[in-house]
**Q** 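Supplied in structure tokens, the structure appears directly below.
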Number of protein chains: 2
Amino acid sequence: MYELMIHLDNNSKKPLYQQIYQYVREQIEDGKISCGEKLPSTRILAKHLQVSRSTVELAYEQLLSEGYMEAEKCRGYYASDISKLYLAGEKRDREMGLQDFPRKKKDSYEIVFSPDGNEMGYFPYNAWRKLSREILSADNPEPFLSGEPAGEWELRRAVCNYLYHARGVNAVPEQIIVGAGNEYLLILLAQVLGEKRKVAMENPTYLKAYRTFCNVKYEIFPTGMDEGGISMEEIKRTMPDIVYTMPSHQFPMGTVMPLKRRLELLNWAAGQKECYIIEDDHDSEFRYKGKPIPSLQGNDRWGSVIYIGTFSKSISPSVRVSYMVLPEKLLDRYNKNCGFYSSTVPKEQQMVLTEFLARGYFQRYLNRMRGVYKGKHDFFLGLLRREKWVKNIYGDNAGMHLLVEVDTDLRQEYVVSRAKEKGVLVYTLEEYQIPGSKIEDNEYPILLLGYGGLSEEQMVQGVGLLREIMEEKTCLAEK
Amino acid sequence: MYELMIHLDNNSKKPLYQQIYQYVREQIEDGKISCGEKLPSTRILAKHLQVSRSTVELAYEQLLSEGYMEAEKCRGYYASDISKLYLAGEKRDREMGLQDFPRKKKDSYEIVFSPDGNEMGYFPYNAWRKLSREILSADNPEPFLSGEPAGEWELRRAVCNYLYHARGVNAVPEQIIVGAGNEYLLILLAQVLGEKRKVAMENPTYLKAYRTFCNVKYEIFPTGMDEGGISMEEIKRTMPDIVYTMPSHQFPMGTVMPLKRRLELLNWAAGQKECYIIEDDHDSEFRYKGKPIPSLQGNDRWGSVIYIGTFSKSISPSVRVSYMVLPEKLLDRYNKNCGFYSSTVPKEQQMVLTEFLARGYFQRYLNRMRGVYKGKHDFFLGLLRREKWVKNIYGDNAGMHLLVEVDTDLRQEYVVSRAKEKGVLVYTLEEYQIPGSKIEDNEYPILLLGYGGLSEEQMVQGVGLLREIMEEKTCLAEK
């Protein structure tokens, strides 16, 4: 039997039973009491330590409940075999020679005009926290049990209703597939639609979708756009069997596809065999002028459209919840090929999100954020319009970025790299161009400037620094 | 301008400004005040309603902040265009003819001997809730910002330390990829390892992995096992370039691969070109006898092993967090092909999980649950050993199911379907057999009985009902 050499400190703030617990635990963790070794009875230890027996019993109870020791009837207490298990803690780390794994630092810029930037200052943290607390309420196992593969029914129902009212999407909850992000849903979709597909994509486009299609070995047809959106001539020439499009607000061009082109696209797809349109409705929530543009899916009478949307933009980038609306004719294939995958979204988060939608928090937050982003949009637009070097502005009145044509002789690459030197990160259309494809060169540089994550002060500072770059040139030229 | 016909109730518990707010909001939501319509000034409305101007201002402020109206300088207030947006609520549902989308009911059984069943009665809900509350503490945007693609660094570091101490896995956090479930990680892995791979899988096996490989169009070689695990003879004959194996506790057979076979497998893989072993260490946390068996990865000196594990079993099935440890030589390819995918696990959950690990909750819970499952295991084993119809029991002392060979002349299918009729769902090895493959027929039926999710009463009841089936037979035979 192991002899416990515990030095109890009667003056310590730590209760005596805690001191006993901790000592025994450390001895077991450090392997000084090894697996299966017998421990003294509570009576003997209490006598040895000159404490009451209930003090020792309390310590043993905790050790038993945490699995450090085991009790065998009529035989006594034995150390459990945890020595090889999880021995965390700094001391052990040091003994094992584990380092703190230092990280490499990334480049950092003072002002980042990222099109993915967003404003979290108005997020209803209290509401989210409250819902989260409710869902995790006392000993309710529900959020910890396994959930439904395609997403919780209540969430799918709420999404279904939201999409009907907000986006004119016609669907029943069975058609809604909830998953952790658009790319994950595209991967699933590829497992539904099968191999060797040919995808027409607007060019430039959302490159993560492009790269996902490449990873599933789909052939990509980069397709041109005019002011009405994706070119039907090119589509009819290349004859893809999937068209990936963002009709309500093309990224990054900001083009809105008019009804005529939508119907043309729908009619064309309906006339092909096994041809689908993937409608990525990524940021349709944020339009600042005119009526919201209903989804392409709402006009589809043939079941050609697969609609994809996300809460990552409308709620928060860390809410990795996207939804896909499958045409009914694809549901059997989905269930057969993908129905066995467990949901990639934690049930807890789905439950919080469902309440967030059902109780109107989402609607209020969206309304509010539309106002906030409109304010940013208006401010940024006003700011840019006062700048001499700004020749034209495209893609306004929606989303979270503007395209700014620059009146300068400087080459675009120079503007971008000079801006970096000044601590400003700007983006260009080339970064969203499908690799290997050709897009007509612009006569003047075009900058893609996202403002969603910037304060007015940051916008002023960033635009000021860009102005300096354009003026540097003028100075040189004047010399 | 719209005339507001508000009937204020001075005796209501609801403050006057709330009554005004709600009335205007409903009018806008119902489209009775349409987009762009001008609303009365606060002065006029206050006079009209005989209330103080500040009461109206309060109502308007809320409407403005929630986006139901907009203020234009020097021009007044206008209704926002939200009519097409999100108009939830029962009333609207009824108007729109939306149903409650009734659901189909599933078959239900009184006793389900599922190998996936687990016990959530001991989950430290309070701790999880406390951590969750801390992470979501007042206005902290951190858990809502976008996270790192391969998982939060702190979580990867914690997983790395855990795997080192608990499973002997050698890795640095850069090698850890966190994702929403094993299947998702296997899909990513396929995008790293490339097309047209040939995978040897133990047969029977974990069929979700099999189906995932099928979905990514990998060719599967069902491979036999002996008491030492996967057959090296068959591997050397079929020459796969991936071996998917569960060396520490094969599912469903329960086989533990001895060191000799492990080294043989590692040596063979090291001798092949671009050959990898996927080690699925699915439930190694739950061993009830002897020392934990260290991972195959820990013995790998060539970087052949890709280690996969999950918190879905050790914490809760709704914690959809799995981790993959990539050999260093695959990291570049991972970053190139998959580095752009956003993490599929919400940052909030990753942060809670990191603290759950770092503060020792995980360790304590695991210790405790090992005791709980051992208790269930011992009870179930004792129960079965007393049954006459139980011929042999395999796969004991680990995991959450037993294989029970039944001493009966009844055909296995009959036992299973008769059990269903009696409200008991039992499983068989055939359900885990790779489709189209041949496994030697058993002389006697073998039932796969999971006990992780069952109480002792349920086990007694389920075993009793099975006994009845076996006795029915005897009665018939005796007649």
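Bear in mind that the values here come from a model prediction, so they are computed numbers and not experimental data. Proteins come first, then strands; the chains are lettered A, B, ... in the order of their sequence lines, and each starts at number 1.
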**Q** Checking heavy atoms, do the side chain of B:S343, its backbone, both or neither come under 4.5 Å from chain A?
**A** backbone

**Q** Using side chain to side chain contact (heavy atoms under 4.5 Å, CB included), reason through B:E348 and A:E348 one step at a time and then give a plain yes or no.
**A** CA-CA 11 Å; B:E348 178 191 337; A:E348 177 191 339; 4.3 Å; yes

**Q** Checking heavy atoms, do the side chain of A:K336, its backbone, both or neither come under 4.5 Å from chain B?
**A** backbone

**Q** Is the closest side-chain heavy-atom distance between B:R320 and A:T344 below 4.5 Å?
**A** no

**Q** Using the rule ring pair (Phe, Tyr, Trp, His ring centres under 6.0 Å), only one of A:Y125, A:F311, A:Y365 pairs with B:F144; which is it?
**A** A:Y125

**Q** Locate the shortest heavy-atom distance separating A:R211 from B:F340; write the atom from each residue and the value.
**A** CB-CZ, 3.4 Å

**Q** Looking at every non-hydrogen atom in both residues, tell me the closest pair between B:P346 and A:Q349 and how far apart they are.
**A** CG-OE1, 3.1 Å

**Q** B:R359: what forms a salt bridge (charged side-chain N to carboxylate O under 4.0 Å, His left out) with it, not counting sequence neighbours?
**A** B:E134, B:E355

**Q** Measure B:P294 against the heavy atoms of chain A and call it side chain, backbone, both or neither at under 4.5 Å.
**A** neither

**Q** Measure across A:R133 and B:R129 and return the closest heavy-atom pair with its distance rounded to 0.1 Å.
**A** O-CD, 4.4 Å

**Q** Just by distance, do the side chain of B:N215 and the backbone of A:N337 share a donor-acceptor pair under 3.5 Å?
**A** yes

**Q** Compare every heavy atom of A:K347 with every heavy atom of B:S318, then report the nearest pair and how far apart it is.
**A** CB-CB, 4.0 Å

**Q** I'd like to check the side chain to side chain donor-acceptor pair (under 3.5 Å) partners of B:K313; sequence neighbours left out, ordered by chain and number.
**A** none

**Q** Strictly less than 4.5 Å between heavy atoms, which residues of residues 179-187 of chain A line up against chain B? Please order them by number.
**A** A:A180, A:E183, A:Y184, A:I187

**Q** Any heavy-atom pair between the side chains of A:R370 and B:E70 that's under 4.5 Å?
**A** no

**Q** Taking only residues two or more places apart in sequence or in another chain, which ones pass ring-ring contact (aromatic ring centres under 6.0 Å, His included) with B:F286?
**A** B:Y373

**Q** Measure B:S342 against the heavy atoms of chain A and call it side chain, backbone, both or neither at under 4.5 Å.
**A** both

**Q** Do B:K217 and A:Q191 have side-chain heavy atoms sitting under 4.5 Å apart?
**A** no

**Q** For chain A, find which of B:T212, B:L188, B:L207 contributes the most heavy-atom pairs closer than 4.5 angstrom.
**A** B:T212

**Q** First locate atom CZ of A:R25, then atom CG of B:N367, and finally report the distance between them rounded to the nearest 0.5 Å.
**A** 8.5 Å

